[in-house]
Amino acid sequence: MKSQEKTFYIETFGCQMNAHDSEKVIGTLEHEGYRQVETEEEAGLILYNTCSIRDKAEQKVFHRLNDYKKLHKAGKRFGVLGCVAQQEGEKIFERAPYVSLVSGSASYRKLPEMLARLEAGETRITGLDDRQTEETFETEFTARQNPYRGYITIIEGCDKFCAYCVVPYTRGKERSRTSASVLEEARRIADLGYTEIQLLGQNVNSYKDPEGKLSFAELLAAVGQVSGIRRVRFTTSHPRDFTKDIVEAIDAYPTLCDHVHLPVQSGSTRVLKAMAREYTRDWYLERIAWIKSAKRKISLSTDIIVGFPGETADEFIETMDLLAEVQYDCVFGFKYSPRPNTPALVMIDSIPEAEKSHRLQVLLERQREIQRSNYANHLGEILEVMVEGQNPARGQIAGRSSQNKAVNFTTTSPIAPAPGSYMPVRIIATHPNSLVGEAV
Ligand code: 5AD
Ligand code: SF4
């Protein structure tokens, strides 16, 4: 590639970890003299940052590659990054021979070197560091794409090995950054004008400061006290490592948002054991009780998998009972999807697809009713909302409450409020997934 052709396009699939990895990848490419463009057609280098958490997510990248492979003839190069890259490795070159670069997230620190090889004309470049690597990907070149939320990875990888999950294989072993470097990045983000920080990790609360200075709860408190920061979120917590001092930190520091995402996966202790989740239903509910006894009402959300191999109808009902008991404000429900390399792959996936779909539908319908009543409790309240964007078609501004609830509201001000600004909003109507209000 000639220097004037150094343009790239990147599309990101999957979770917030991936969204933030892309911010770091974009910053690294820009530092290497590349310019980001908005379409595949304009780009010299086309990158897909991929997700392999479920089969459907994995298939997306192959569809995309297929749709755009004709551009290879025009001299464009393709790179597959992220979890599918790590999982499939060199097999991607067999399936899509026009791909030149395959790299998992544990190898991104080598991107400058891989880009140089790409520019030199190499066609089969891989970055496939596995669970051996101790390195984290920290870069001062992060190109933040989100206008109102600054992401900070505090822990990469996963050592939990839940029976259904690819992440320990795609993202490597658990490795934390020092609290000093996290706080330095938090201050840098605040200096850029961000007021909201989201701390990221596959198991964010399994954080262990390599220098032993701060616990996870102490790190939360410290980030919450960075000057200029008004909201701190963290995701995703694992129940096994959820300690009471996290709730105490939320109690003590109002900048720590009143929302905890705590994936339960199943309400049945037998299924949890088969999933290797390392906790029981009672253990989980004890943590929920701690969260519910906080001074502020803390909003709860969760992830649930239905149709895990061997899940009986009664065990599914245990999950439904747990929904009724916890009263979550948001549930991400998934049908079990068998994944390569995982221990659950050898378990007999005997629940028919139609039954999995039925369980998911029953779960989501029940949850919708729970949310209808939870959200209705906000009627008449005045909430502080951070503006995220606009919906000009409906003449509304879109934002989010500290509890992470979507709030769509109107204002009489002729000037639209900027993303990242805060407004008090009175709630005048409620839906199962959003609140409607007027700026006061
Ligand atoms: N099948 C279905 N859902 C899965 N998840 C993780 N692995 C699988 C799988 N194999 C879900 C879990 C996790 C969320 C990010 O995705 O609920 O918390
Ligand atoms: Fe997908 Fe999980 Fe990888 Fe995120 S970490 S991209 S959700 S497989």
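Counting convention: from 1, in listed order, for ligands and their atoms alike. Quick caveat, the model's predicted, so the values are computed rather than measured. Residue numbers run from 1 in the order of the sequence given.
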S.K.: Is there a side-chain contact between Tyr336 and Glu311 (heavy atoms, below 4.5 Å)?
M.R.: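 Side-chain contact under 4.5 Å: no.
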
S.K.: Among Glu156, Glu185, Glu135, which residue meets the salt bridge (Lys or Arg N to Asp or Glu O under 4.0 Å) test with Arg177?
M.R.: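 Checked Glu156, Glu185, Glu135 against Arg177; only one passes salt bridge (Lys or Arg N to Asp or Glu O under 4.0 Å): Glu185.
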
S.K.: Under 6.0 Å between ring centres, would you say that holds for Tyr9 and Phe78?
M.R.: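 That pair fails the under 6.0 Å test.
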
S.K.: Is any N or O atom of Ser337, backbone or side chain, closer than 3.5 Å to an N or O atom of ligand 1?
M.R.: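 It does: an N or O of Ser337 is found under 3.5 Å from an N or O of ligand 1.
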
S.K.: Quick one about Ser301 and Asp329 (side-chain donor to acceptor, distance below 3.5 Å, no hydrogens or angles considered), yes or no?
M.R.: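 On atom types as modelled, these side chains do not qualify, holding no pair under 3.5 Å.
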
S.K.: Closest by any non-hydrogen atom to atom 14 (C) of ligand 1: pick that one out of Val306, Asp303, Ile53, Ile305.
M.R.: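 Among Val306, Asp303, Ile53, Ile305, the closest heavy atom to atom 14 (C) of ligand 1 comes from Asp303.
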
S.K.: Judged on heavy-atom distance to atom 12 (C) of ligand 1, which of Lys356, Gln265, Met17 sits nearest?
M.R.: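 That would be Gln265.
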
S.K.: What do we get for Tyr164 next to ligand 1 when only non-hydrogen atoms under 4.0 Å count, side chain, backbone, both or neither?
M.R.: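 Both the backbone and the side chain of Tyr164 come within reach of ligand 1.
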
